[in-house]
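Since we're looking at a predicted model, the values are computed, not measured.
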Amino acid sequence: MEVSRRALTAARLASQVWLLVLVWPLWTAFRTAGPAEIALITALSCVFAYCWARVMWRVMGVGGPDLRSVALLLGSAAALYPLLGAPWAYTSYVLVISVLGTLRPVFFAAGLVVTMVVNVAVLIAHGEGFVWWVPLVMALEAGAVRGMVHMRDLIMELGRARAESERLAVENERLRFARDLHDILGHTLTSITIRSQLAARLAETDPARAAEEMGGVERTARQALDDVRDAVAGYRAVSLPEELGNARAALDLAGIRLTVSGAGPVPPGSESLLAWVVREAVTNVLRHSGATRCWITLGPRSLEITDDGRAGAGAGPGTGLLGLAERVEAAGGTLEAGARPAGGYRLRVEVP
């Protein structure tokens with residue numbers, strides 16, 4: 001950003017070099033003019049130069065033309081015609097047209113025609129012949145000015161698009177992080193809840209088992225803390241076998257029997273995605289389904305999770321389903337979820 005500001009300032013300063021075209025008409029006039037006339041010419045030239053520099057400085061930045069400065073510039077330019085004569089008519093249009101080019105097309109066209117007529121008339125009045133080329137040069141400059149103005153508009157539009165892209169990137173990263181935190185903590189907190197409830201029930205009848213379950217709660221909490229730290233660091237590598245083991249342990253605690261079946265290895269690039277699917281789906285089975293059985297079926301490029309719980313309350317429902325669907329879609333896969341005709345819920349993911 002700092003480099004862009006420096007480049008913009010350098011471009012603005014470089015544009016002021018065009019004011020050097022004033023040297024010729026001023027030098028010619030100062031050689032013969034009296035003190036009062038020199039003072040008037042100097043004052044009008046300073047107004048003209050200041051207004052031109054101000055308009056160009058704004059236009060080459062993010063602002064539009066200052067209409068008051070444009071009006072003062074045109075007025076001072078008109079007042080200088082009788083004082084500077086033909087040299088002014090030969091040079092001033094370079095600066096006048098560049099300012100007119102910053103206006104709306106209709107005003108630019110009208111101003112261009114007036115400038116052509118005035119300059120040619122002044123040149124003819126001062127006895128200049130062969131001035132046919134002056135309108136041609138002015139038309140060529142007008143085309144170049146409009147092209148540069150159009151390029152400026154495109155650059156500004158590109159800048160706005162870039163800013164919007166950066167804003168969306170930040171927003172997407174925020175959503176990704178929120179989704180990942182949900183996926184990470186949803187499963188582990190559910191497991192902690194189930195273990196804590198079991199330990200509370202066993203506290204009086206089986207203290208040793210209760211202590212063992214509380215130890216599991218501690219380990220799960222520590223693992224959740226590590227996962228959150230990994231998420232903050234931007235790196236989380238989840239393992240499908242590990243998630244299947246965690247799913248079996250969590251479902252066993254809840255009294256839900258898990259059956260895992262499958263054929264062939266999972267594509268390495270899809271293992272992490274399917275591990276997230278297992279984590280989210282099993283978390284929803286634990287939270288919502290009231291199931292007694294759960295089946296996980298692995299295919300070469302697919303994963304299917306079903307249960308025998310309440311229809312519409314199993315592997316699919318939950319706030320994480322939308323995030324899971326976004327994750328699968330981003331990887332080029334598809335997700336299907338819905339109630340089974342025989343009861344329960346079914347979630348199926350196809351990976352590319």
Less than 4.5 Å apart, side chain to side chain, heavy atoms only: is that true for T91 and L22? no

Side chain of D308, backbone of T292: donor and acceptor closer than 3.5 Å? yes

Side chains of Y93 and V137: closer than 4.5 Å at any heavy-atom pair? yes

Beyond-backbone contact of E336 with R346, side-chain heavy atoms, under 4.5 angstrom: yes

So CD1 of I97 and CE of M138: to nearest 0.5 Å the spacing works out to 4.0 Å

If I take atom OG1 from residue T115 and atom CZ from residue F108, how far apart are they, to the nearest 0.5 angstrom? 9.0 Å

Could you walk me through whether E37 and L83 pass the side-chain contact (heavy atoms from CB on, under 4.5 Å) test, one step at a time? CA-CA 8 Å; E37 193 174 5; L83 297 172; 3.9 Å; yes

Just wondering, do L324 and V277 contact through their side chains at under 4.5 Å, heavy atoms? yes

Got a second to check how far Q197's CD is from I192's CD1, nearest 0.5 Å? 12.0 Å

In terms of heavy-atom contacts, L44 and S76 come closest through O-CB, 3.8 Å

State yes or no: do L40 and V122 share one hydrophobic cluster built from I, L, V, M, F, W and Y residues joined by side-chain heavy-atom distances below 4.5 Å, directly or via other members? yes

About how many Å separate CD of E212 and CG of L198, when rounded to the nearest 0.5 Å? 9.5 Å

Same hydrophobic cluster for L80 and W24, using side-chain heavy-atom links shorter than 4.5 Å among ILVMFWY? yes

Measure up the F48 and W88 rings against each other and bin them: parallel (under 30°), tilted (30 to 60°), perpendicular (over 60°). perpendicular

With a 4.5 Å limit on heavy-atom distance, are the side chains of M56 and W18 in contact? no

So, do L67 and L103 sit near enough that their side-chain heavy atoms are less than 4.5 Å apart? yes

Between the CD1 atom in I194 and the CG atom in D252, the distance rounded to the nearest 0.5 Å is 10.5 Å

hydrophobic_cluster_shared for V117 and L123, side chain cutoff 4.5 Å: no

Check against side-chain contact (heavy atoms from CB on, under 4.5 Å), I305 and Y345: CA-CA 8 Å; I305 302 176; Y345 206 84; over 6 Å; no

Is there a side-chain contact between V99 and L95 in this structure, where contact means two heavy atoms from C-beta onward sitting under 4.5 Å apart? no

With a 4.5 Å limit on heavy-atom distance, are the side chains of L74 and V70 in contact? yes

Nearest non-hydrogen partners of V351 and S302, listed with the distance: CG2-N, 4.4 Å

I would like to know whether V217 and E213 meet side-chain contact (heavy atoms from CB on, under 4.5 Å); could you show each step before the answer? CA-CA 6 Å; V217 168; E213 293 301 329; 5.7 Å; no

Where do S98 and T102 come nearest, in terms of heavy atoms and distance? O-CG2, 3.7 Å

Examine distances only and state if a side-chain atom of R340 and a backbone atom of D307 form a donor-acceptor pair shorter than 3.5 Å. yes

W27 with F30, same ILVMFWY side-chain cluster at under 4.5 Å: no

Hey, does the side chain of E271 reach the backbone of L240 with a donor-acceptor pair shorter than 3.5 angstrom? yes

Correct closest heavy-atom pair for R54 and S69 would be CD-OG, 3.1 Å

Quick one: do the Y81 and N119 side chains pair a donor with an acceptor below 3.5 Å? yes

Taking every non-hydrogen atom, the tightest pair across L274 and L303: O-CD2, 3.6 Å

For Y90 and E128, does a side-chain donor sit closer than 3.5 Å to a side-chain acceptor? yes

Check: R248 side chain, L258 main-chain N or O, donor-acceptor pair, under 3.5 Å: yes

Before you tell me yes or no, could you show the steps for V328 and T334 under side-chain contact (heavy atoms from CB on, under 4.5 Å), namely the whole-Å CA-CA distance, both residues' side-chain angles and the distance that decides it to 0.1 Å? CA-CA 6 Å; V328 172; T334 58; 5.5 Å; no

With rounding to the nearest 0.5 Å, note down the distance linking OG1 in T306 to CZ in R293. 9.5 Å

Do M116 and V106 sit in the same hydrophobic cluster, where Ile, Leu, Val, Met, Phe, Trp and Tyr count as joined when their side-chain heavy atoms come under 4.5 Å apart? yes

Can you see which heavy atom on S45 is nearest to which on L26, and at what distance? OG-CD2, 3.2 Å

